[in-house]
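First comes the structure, then the notes that go with it.
Here is how names work: the chains are called A, B, and so on, in the same order as the sequence lines, proteins then strands, and each is numbered from 1.
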There are 2 protein chains.
Amino acid sequence: MMHNKLLVAVSIILNLLFTVHILYNNSTTWSPTWTDRAASEAEDAASVSCSGHGRAYVDGLGVLDGHKPPCECNNCYTGKDCSFFVPDCPVDADSGDPLFLEPFWIRNAEGSAVVESGWHRMSYSYHGYGLFVSAELERIIRKLHNVVGNAVTDNRFIIFGTGATQLLAASVHALSQTNSSSSSPSRLVTSVPYYNMNKDQAEFFNSADLKFEGDASAWKRSERNDNMTQVIEIVTSPNNPDGKLKRAVLDGPNVKYIHDYAYYWPYFSPITHPVDEDLSLFSLSKTTGHAGSRFDWALVKDKAVYEKMKTYIILSTMGVSKDTQLHALQLLKVVIGDGGDEIFSFGYGTLKKRWEILNKIFSMSTRFSLQTIKPQYCNYFKKVREFTPSYAWVKCERPEDKNCYEIFRAVKITGRNGNVFGSEERFVRLSLIRSQDDFDQLIAILKKFVSKEAVVVDSV
Amino acid sequence: MMHNKLLVAVSIILNLLFTVHILYNNSTTWSPTWTDRAASEAEDAASVSCSGHGRAYVDGLGVLDGHKPPCECNNCYTGKDCSFFVPDCPVDADSGDPLFLEPFWIRNAEGSAVVESGWHRMSYSYHGYGLFVSAELERIIRKLHNVVGNAVTDNRFIIFGTGATQLLAASVHALSQTNSSSSSPSRLVTSVPYYNMNKDQAEFFNSADLKFEGDASAWKRSERNDNMTQVIEIVTSPNNPDGKLKRAVLDGPNVKYIHDYAYYWPYFSPITHPVDEDLSLFSLSKTTGHAGSRFDWALVKDKAVYEKMKTYIILSTMGVSKDTQLHALQLLKVVIGDGGDEIFSFGYGTLKKRWEILNKIFSMSTRFSLQTIKPQYCNYFKKVREFTPSYAWVKCERPEDKNCYEIFRAVKITGRNGNVFGSEERFVRLSLIRSQDDFDQLIAILKKFVSKEAVVVDSV
């Protein structure tokens with residue numbers, strides 16, 4: 001009897017506890033909110049398995065018809081889940097698509113996600129904070145440079161652009177416009193080998209105020225270098241395509257400089273000192289790997305140049321998308337959360353491994369050579385370290401291999417022709433910062449290609 | 001005894017049911033996932049009360065320091081929660097910030113939210129779908145034009161730009177470049193009053209291939225109109241600033257046209273027919289109200305022009321931000337979800353009310369007049385309806401009121417001077433598509449201003 005009563009009592013107490021638990025839980029977790037649908041769509045897309053050789057995105061083909069986002073396969077993979085490797089497939093080593101950092105962002109999914117509301121910053125301007133620039137994003141960019149130690153931001157204006165391409169054009173424009181002393185156009189020069197965009201833009205936009213003149217050293221030696229004509233020199237450091245740290249070639253009161261530091265991050269180069277120039281460019285594409293977001297910034301010393309650049313940005317795109325600025329802010333929060341430790345170690349580690357593999361292969365070749373750069377002390381990693389550039393700048397050494405791009409194309413590797421960079425066709429640029437699949441495919445072909453060379457040499 | 005046993009049995013069954021319930025519930029709702037933090041941050045920001053006179057955003061000032069996003073108050077409101085009205089505050093009726101649509105997006109919070117992952121489309125291009133354009137976004141834009149009936153999209157290329165400003169420049173560039181028959185620059189003309197950006201861009205970029213010549217009718221009458229010189233005419237319809245439907249002024253084999261249809265949506269104008277021109281421009285800013293996203297598109301008939309425009313976009317910004325394209329896709333999904341019913345009715349309803357109030361006030365004035373446009377049949381709303389333009393194009397009728405902008409500024413209303421549009425200073429443009437607060441403040445001052453006028457007349 002006593003036993004029975006106890007049983008009833010325990011059972012009733014348990015029931016009460018359960019009831020309280022359920023009521024309490026319901027009151028705190030029962031919250032169907034406006035972010036639910038979007039969150040579940042994002043999680044669904046992220047959970048699509050593409051065999052590690054592709055990715056599904058919420059805005060993938062067919063989603064308007066209610067289909068599940070499909071796998072978009074990496075180069076040389078196919079099938080619904082990207083599980084089939086296409087044999088004899090041409091390797092893409094052309095563009096500098098910075099997908100080597102993608103694994104970092106997948107690993108940091110929670111910290112880097114952003115929910116954007118339908119009414120997020122519909123206005124042209126950031127109300128109360130100045131015109132077209134998110135004040136918090138500007139702050140975090142200054143913090144980032146301080147943490148990495150790659151640029152002085154004190155007494156600098158920061159201006160945002162839609163991709164490095166736009167700010168490059170804005171800079172050139174601003175500096176050619178502040179050339180009031182002369183009615184002849186400013187000359188644009190840079191050192192061979194140079195980033196092809198410099199030339200392409202200048203020629204395409206065909207401004208009456210600007211003329212592209214090519215190599216800076218050639219200009220220095222030329223008789224047209226009269227110390228009067230206004231000259232703008234673009235200094236890309238580390239350089240695209242060869243990864244070397246560069247200095248300006250020209251000097252004089254008639255020369256103005258644009259320093260393109262897109263690659264001056266610990267992934268690619270020792271950070272030897274904080275740069276302190278009049279006009280420096282940086283790009284999110286090579287900072288976090290988000291080329292698709294089209295976001296870059298300039299550090300500008302002179303107020304008049306800054307104002308000219310701002311006018312250019314306003315008249316060409318009225319500032320940078322607020323969607324992009326929101327995304328960039330969240331990404332940079334993750335980057336500086338641990339002082340950059342995780343992302344820079346990951347990115348540098350990845351490129352270091354890639355260069356070791358590459359160097360090993362090319363060390364067996366007499367037909368091809370790679371650029372070599374002496375290691376330097378890196379203030380960020382606090383040690384002497386080698387350069388791990390974004391691109392292999394390959395030279396074809398045999399006299400008969402005049403067009404190096406074509407030599408590689410014949411074995412199904414698409415690089416970028418040396419002549420695009422104002423250099424000889426004897427060079428080809430191979431991109432090393434693409435996805436792991438692209439790199440693995442590149443290495444697989446290179447290995448065979450170079451080992452054949454050894455066989456030929458042996459058999460002679 | 002029997003009774004007791006029953007009690008125990010019921011209690012135990014209840015316990016079992018509760019246990020099952022909790023286990024089952026835990027297995028389905030216990031899912032801490034990677035979108036949680038971002039979702040909760042977004043909901044927190046959205047729940048900040050700003051007294052209906054401001055808004056808090058996830059990227060607001062101070063969030064990097066861990067502060068709650070602060071209220072950003074509408075013009076003339078201040079205080080931590082925007083609850084204080086600033087007396088005698090100047091009214092902003094200048095820019096065309098399309099915040100009149102913000103209440104629609106707040107109402108449609110769930111449908112319009114987007115979660116963007118940290119690894120969302122990091123690449124420069126949409127893999128497998130062509131270069132810089134989201135295929136789904138292109139599809140939904142074609143659907144939207146079909147649903148609204150404002151443009152023919154068959155046999156048209158669609159190109160995306162970073163704001164209407166960029167595509168306008170790309171169009172002008174492409175058309176001046178396809179002018180191969182002559183070495184003299186193309187002339188750019190448009191009808192007075194015209195959108196100031198047309199002139200500002202042409203003059204600022206100072207291309208060797210283009211010269212701005214102002215009013216199209218003046219050019220037609222001028223002796224320089226030799227039917228040989230290449231001319232590009234920009235036709236803005238409905239027109240900015242006056243909201244009238246416009247047609248091209250010039251004709252001849254030497255004339256090319258850019259049709260700017262940014263305002264050709266049911267909010268502002270009857271949809272009289274689907275436009276079917278060679279090159280038409282549209283903008284997200286005036287379609288969904290998202291000026292901050294900087295997204296617009298062009299419908300282009302001729303492949304050569306399309307290719308030239310594409311080259312321009314690539315060389316100036318390498319396409320449009322993938323973040324923006326994702327956001328735009330989600331917004332347009334909501335718009336066409338019900339065939340546009342809700343958003344166009346809401347937006348048109350809002351502007352209709354605003355115009356009724358405005359007309360009533362100005363009907364009491366002899367000093368000022370408004371533009372008048374005859375109602376027309378609207379294929380979208382299937383009825384004859386009045387025009388409800390974005391801007392009041394106000395004329396100061398008294399001979400002594402030569403500068404209408406200054407007359408309004410004296411009573412603390414900032415509009416835009418008529419001379420900015422190539423017109424007389426006797427006109428001023430007042431924006432009617434801003435937030436309800438901006439409109440209410442405008443009306444409050446206008447009422448007093450115009451009633452004073454009546455008093456003066458009476459007292460004479």
Check: [X] side chain, [Y] main-chain N or O, donor-acceptor pair, under 3.5 Å:
X        : Y        : result
B/His290 : A/Ser123 : no
A/Arg37  : B/Glu110 : yes
A/Glu43  : B/Thr33  : no
B/Glu116 : A/Ala113 : no

Hey, which of [options] has the most heavy atom pairs under 4.5 Å with chain A?
options                                : result
B/Thr162, B/Leu101, B/Thr288, B/Val334 : B/Thr162
B/His327, B/Lys322, B/Gln330           : B/His327
B/Asp296, B/Leu210, B/Leu137, B/Val63  : B/Val63
B/Gly163, B/Gly62, B/Ser285            : B/Gly62
B/Gly54, B/Ser95, B/Ala46              : B/Ala46
B/Ala45, B/Ser40, B/Ala170, B/Ala109   : B/Ala109

Intermediate values then yes/no, side chain to side chain donor-acceptor pair (under 3.5 Å), B/Gln166 and A/Thr317: CA-CA 5 Å; B/Gln166 189 187 28; A/Thr317 60; over 6 Å; no
Non-hydrogen atoms of chain A under 4.5 Å away: do they reach the side chain of [X], the backbone, both or neither?
X        : value
B/Met197 : side chain
B/Arg55  : side chain
B/Ala39  : both
B/Glu41  : side chain
B/Ser117 : backbone
B/Tyr312 : both
B/Leu315 : both
B/Val320 : backbone
B/Thr311 : both
B/Leu326 : both

At a heavy-atom distance under 4.5 Å, which candidate from [options] has the highest pair count against chain B?
options                                : value
A/Asp323, A/Ile106, A/Asp200           : A/Asp323
A/Ser112, A/Gly161, A/Gly292           : A/Gly292
A/Glu102, A/Lys333, A/Gln201, A/Met318 : A/Met318
A/Ala169, A/Gly111, A/Ser435           : A/Gly111

Specify the closest pair of heavy atoms between [X] and [Y], including all atoms of both residues, with the distance to one decimal.
X        : Y        : answer
A/Glu136 : B/Leu64  : OE1-N, 2.9 Å
B/His120 : A/Val58  : CE1-CG2, 4.4 Å
A/Gly118 : B/Leu331 : O-CD2, 4.0 Å
A/Trp105 : B/Trp119 : O-CE3, 3.7 Å

Just how far is it from atom [atom1] of [X] to atom [atom2] of [Y], taken to the nearest 0.5 Å?
X        : Y        : atom1 : atom2 : answer
B/Leu99  : A/Tyr124 : CG    : OH    : 10.0 Å
B/Met122 : A/Phe104 : CE    : CZ    : 9.5 Å
A/Ser321 : B/Gln325 : OG    : CD    : 10.0 Å
A/Asn108 : B/Trp34  : CG    : CH2   : 12.5 Å

Using a 4.5 Å cut-off on heavy atoms from C-beta on, say whether the side chain of [Y] contacts that of [X].
X        : Y        : answer
A/Thr165 : B/Ile314 : no
A/Val115 : B/Val114 : no
A/His173 : B/Phe204 : yes

SB check B/Arg121 A/Asp59 (cutoff 4.0 Å): yes
A/Arg139 bridged to B/Asp65 by N-O distance under 4.0 Å: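 B/Asp65 and A/Arg139: salt-bridged.
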